[in-house]
**Q** 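Below is one structure. I have some questions about it.
Atoms considered below: every heavy atom in the structure, side chains included; atoms not considered: hydrogens, waters and symmetry mates. A quick note: this is a predicted structure, and the numbers were derived from the prediction, not measured. Within every chain, numbering begins at 1; the chains are lettered A, B, ... in the order of the sequence lines, protein sequences first and strands thereafter.
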Amino acid sequence: MRAFEYVSPNSRAQAVSLLGAAWGNTEILAGGTDLLALMKDDVITPKRLVNIKEIKDLHGVSSSAQGLRIGALTTLGDLADYADVRAHYPALAEAVMEVASPQIRNMATIGGNLCQRPRCWYFRNGLGLLPKDESGKELVADGENRYHAILGNEGPAKFVSPSTIVPILIAYGSKIRLEGPRGKRELPLEKFFVIPKTESDREHDLRPNEIVTEVVIPPVPDVKAAHYEIRQKEAFDWPLAVAAVALKMNGSNARSARVVMGYVAPVPWASAEAEQALTGQPVNEATGQRAAEAALKNAKPLNHNAYKVQLARVAVKRAILRAASGGAA
Amino acid sequence: MRNDDPNPKDSKDQPDSSGVSRRDFLKISGISVAVPLVASPRMVMAAGEEVPVHGPGKVPMGFTINGKNYKASLEPRVTLLDALRDQFELTGAKRVCDRAECGACTVLMDDKPVYACSALAIEAQHKAITTVEALTQDGKLHPVQQSFVEDDASQCGFCTPGFVVACKAFLDKHPRPSAEDVRRGLSGNLCRCGTYHGIQRVIAQMAEKGA
Ligand SMILES: Cc1cc2nc3c(=O)[nH]c(=O)nc-3n(C[C@H](O)[C@H](O)[C@H](O)COP(=O)(O)OP(=O)(O)OC[C@H]3O[C@@H](n4cnc5c(N)ncnc54)[C@H](O)[C@@H]3O)c2cc1C
Ligand code: FES
Ligand code: FES
């Protein structure tokens, strides 16, 4: 790892002013489980790390009429242990428990999970988010792309969005709050993820001197939700496909539905097609299958990842049936 | 290096009246020195307050490891694992992947298992660190260690210290685990020799004993 200077501000305002206005020279350090690996591999080479863990008001979880507020520094381990999370958002607790290993969950924070960088092996080898060779030819389309995107991959971005918690957070209707030199802003979580078009873009709607301060999940008293992952190894690995579903029911029919996939596109992929296929319908094997087909209708696999289309279909269908039968846990 | 004095305010590093510090002079004249230069933190203004910026050179640090105090001067880029192994001769935690992917470096931080390779030493300063060395008391193995011996849970032994620490932390949290708890709760440690069955026997034996 290259040498850097280290600073531990104790307020958000201090942190914001210690961060650079352009990417490259400064990085935020939270749990470090992703950041330090990127630095050891010279993928990023910041001159200064701003450790935000001393900022007290970024820690902790609280419930109110507005829902559940999760401070950016809440570790994944603590999040899964909160009684309110287990009781009211069991599909989230389950998704969090599937992440990596106990050691990582004790270190990794929710803010870092949302801001973690893609696992694309070209990116991790220092070739950038939109890897090209010297002649400008894109590397992924003709390269080793078995874990890459099958949706939203028409442009140069072919990596997949790496968080397995984000799909269920989006399905629950969560919002993200940020703070920067121009003050605070809040946006629906799905809007935080963007498909980069040039190498200088990031995959998040995050400015270099902005910090994620919290995630807010609305109350979901009438929602049935579930999360389903397909993994090569059961634990301590990244999955091949993820689906999260939140249903509002009217008797046995779905009044409305949210269907969000992970590991299929450069952003978490909400499927309007699957949502339409379920709305107003009874939720059963047949409609689940139809919604899953709809979700992957526009998939355009690369030359080594056609298998992911079927895996994603199965994940969507199983998440729908799980949600309808009472949800996770 | 235990309890040595890092001498943070090295008077030799203060600027003289010419405004050129000894360190600047060394840089200017291109002389390299073997003695570590330890600078006091640089203060910068952030949101109307002075905040200390440490490094990139060596920074005086203090740690609580296995209940004892340790001091060293380290660069901010030094990981907790490298500090334990290279500075304090606590070589139980192993460096295998150095990327949060194998568990060989598992230590307890405030009683929770973490990967020492993926934390910076500088941020571990105010935490209680426990390494595998602390489990053996007065030459007597901890019951988990004893069970590793009896249940043949170790082959080449390279993953063993990390696994022992992870098993101890797991049993403290789940004294009566189900098979599923064991598979999930110990998923953060890999063994190249495939001693997993022996480790499952360790957990079963310890759970039976009510440890
Ligand atoms: C072996 C392994 C398996 C894994 N499996 C999974 C998995 O199955 N599912 C999954 O979701 N993840 C998985 N992960 C990734 C893991 O969840 C992330 O590394 C972790 O959540 C990152 O959080 P952190 O606090 O350690 O972030 P850091 O490493 O500290 O930071 C990560 C990035 O986010 C930025 N950042 C951190 N906090 C903030 C903030 N508040 N505001 C703005 N920017 C911020 C940092 O600057 C950095 O760019 C795995 C990781 C490993 C090593
Ligand atoms: S050396 Fe730390 S997890 Fe492998
Ligand atoms: S005993 Fe050899 S790696 Fe586990």
Side-chain angles (χ1 to χ4, degrees), chain A residues 1-19 26 29-41 45-54 75 77-78 80-81 94 97-108 124 181 231 233-238, chain B residues 41-59 75-80 82 97-103 105-123 125-126 162 165-166 169-170 173-174 180 183-190:
Chain A
M1 214 181 329
R2 293 178 194 234
F4 54 82
E5 60 180 35
Y6 174 92
V7 56
S8 267
N10 52 36
S11 73
R12 301 167 182 212
Q14 280 183 359
V16 166
S17 81
L18 289 162
L19 288 163
T26 61
L29 170 68
T33 58
D34 191 25
L35 188 75
L36 296 188
L38 290 164
M39 290 170 64
K40 287 172 185 173
D41 291 333
T45 52
K47 306 269 181 309
R48 172 187 287 176
L49 286 196
V50 178
N51 171 34
I52 57 173
K53 289 192 289 297
E54 302 299 320
T75 63
D78 285 346
D81 277 350
E94 192 175 286
M97 287 308 289
E98 304 270 347
V99 173
S101 69
Q103 289 94 323
I104 288 180
R105 294 194 295 273
N106 285 337
M107 308 173 85
R124 297 269 158 179
R231 290 177 182 262
K233 281 197 324 183
E234 267 181 57
F236 208 18
D237 197 4
W238 289 269
Chain B
R42 192 160 61 82
M43 302 305 286
V44 297
M45 289 301 285
E49 285 170 84
E50 284 206 316
V51 185
V53 175
H54 302 281
K58 293 194 175 184
V59 180
E75 292 179 2
R77 64 173 155 173
V78 174
T79 62
L80 173 61
D82 289 346
C97 69
D98 205 27
R99 297 290 185 285
E101 287 172 11
C102 76
C105 64
T106 303
V107 300
L108 305 181
M109 193 183 273
D110 290 342
D111 293 328
K112 288 184 177 168
V114 298
Y115 297 139
C117 70
S118 297
L120 295 174
I122 196 167
E123 42 171 350
Q125 287 187 92
H126 307 291
V165 175
F170 172 75
K173 203 172 166 187
H174 307 88
E180 177 64 13
R183 282 196 295 146
R184 293 241 162 249
L186 291 174
S187 61
N189 294 72
L190 302 181

**Q** Is it the side chain or the backbone of B/V44 that comes within 4.5 Å of chain A heavy atoms, both, or neither?
**A** side chain
**Q** Could you tell me whether B/D111 atom CG has more than 12 heavy atoms of other residues or ligands within 6.0 Å of it?
**A** no
**Q** Quick check for you: to the nearest 0.5 Å, what is the distance between B/L120 atom CG and A/N51 atom CG?
**A** 8.5 Å
**Q** Could you tell me if the side chain of B/K112 sits less than 4.5 Å from the side chain of A/M107, heavy atoms only?
**A** no
**Q** With a 4.5 angstrom heavy-atom cut-off, which part of B/C97 approaches chain A: side chain, backbone, both or neither?
**A** neither
**Q** Check each atom of B/P113 against the heavy atoms of chain A and say whether the ones under 4.5 Å are side chain, backbone, both or neither.
**A** both
**Q** Non-hydrogen atoms of chain B under 4.5 Å away: do they reach the side chain of A/A15, the backbone, both or neither?
**A** neither
**Q** Flag the one option from B/E123, B/E49, B/R42 with the top tally of heavy-atom pairs under 4.5 Å to chain A.
**A** B/E123
**Q** Looking at A/D81 and B/K173, what are the two nearest heavy atoms and their distance?
**A** OD2-NZ, 3.4 Å
**Q** Please determine, among B/E75, B/R184, B/M45, B/M109, the option with the most heavy-atom pairs under 4.5 Å with chain A.
**A** B/R184
**Q** Please state whether the side chain, the backbone, both or neither of A/E234 comes within less than 4.5 Å of a heavy atom of chain B.
**A** both
**Q** Which pair of heavy atoms, one from A/A3 and one from B/R77, lies closest together, and at what distance?
**A** N-NH1, 3.5 Å
**Q** Should A/P102 and B/F170 count as side-chain neighbours, where that means a heavy-atom distance under 4.5 Å?
**A** no
**Q** Which distance, rounded to the nearest 0.5 Å, do you find between the CD of A/Q103 and the OG of B/S187?
**A** 7.5 Å
**Q** Any idea which heavy atoms bring A/L18 and B/A46 closest together, and the distance?
**A** CG-CB, 3.8 Å
**Q** Looking only at non-hydrogen atoms, find the nearest pair between B/A47 and A/Q14 and report the distance.
**A** CB-N, 3.8 Å
**Q** Relative to chain B, which segment of A/S101 carries a heavy atom at a distance below 4.5 Å: side chain, backbone, both, or neither?
**A** both
**Q** Determine whether a donor-acceptor pair (N or O, by modelled atom type, separation under 3.5 Å) exists between the side chain of A/N106 and the backbone of B/V114.
**A** no
**Q** By a 4.5 Å heavy-atom criterion (distance strictly below it), what part of A/L49 contacts chain B: side chain, backbone, both, or neither?
**A** side chain
**Q** Considering only heavy atoms, which portion of A/K53 lies under 4.5 Å from any heavy atom of chain B: side chain, backbone, both, or neither?
**A** side chain
**Q** So which atom in B/N189 and which in A/F236 form the shortest heavy-atom distance, rounded to 0.1 Å?
**A** N-CE2, 4.3 Å
**Q** Quick one, B/D98 and A/K40 - any side-chain contact, counting heavy atoms below 4.5 Å?
**A** yes
**Q** Less than 4.0 Å between a side-chain N and a carboxylate O, is that true for B/R99 and A/D34?
**A** no
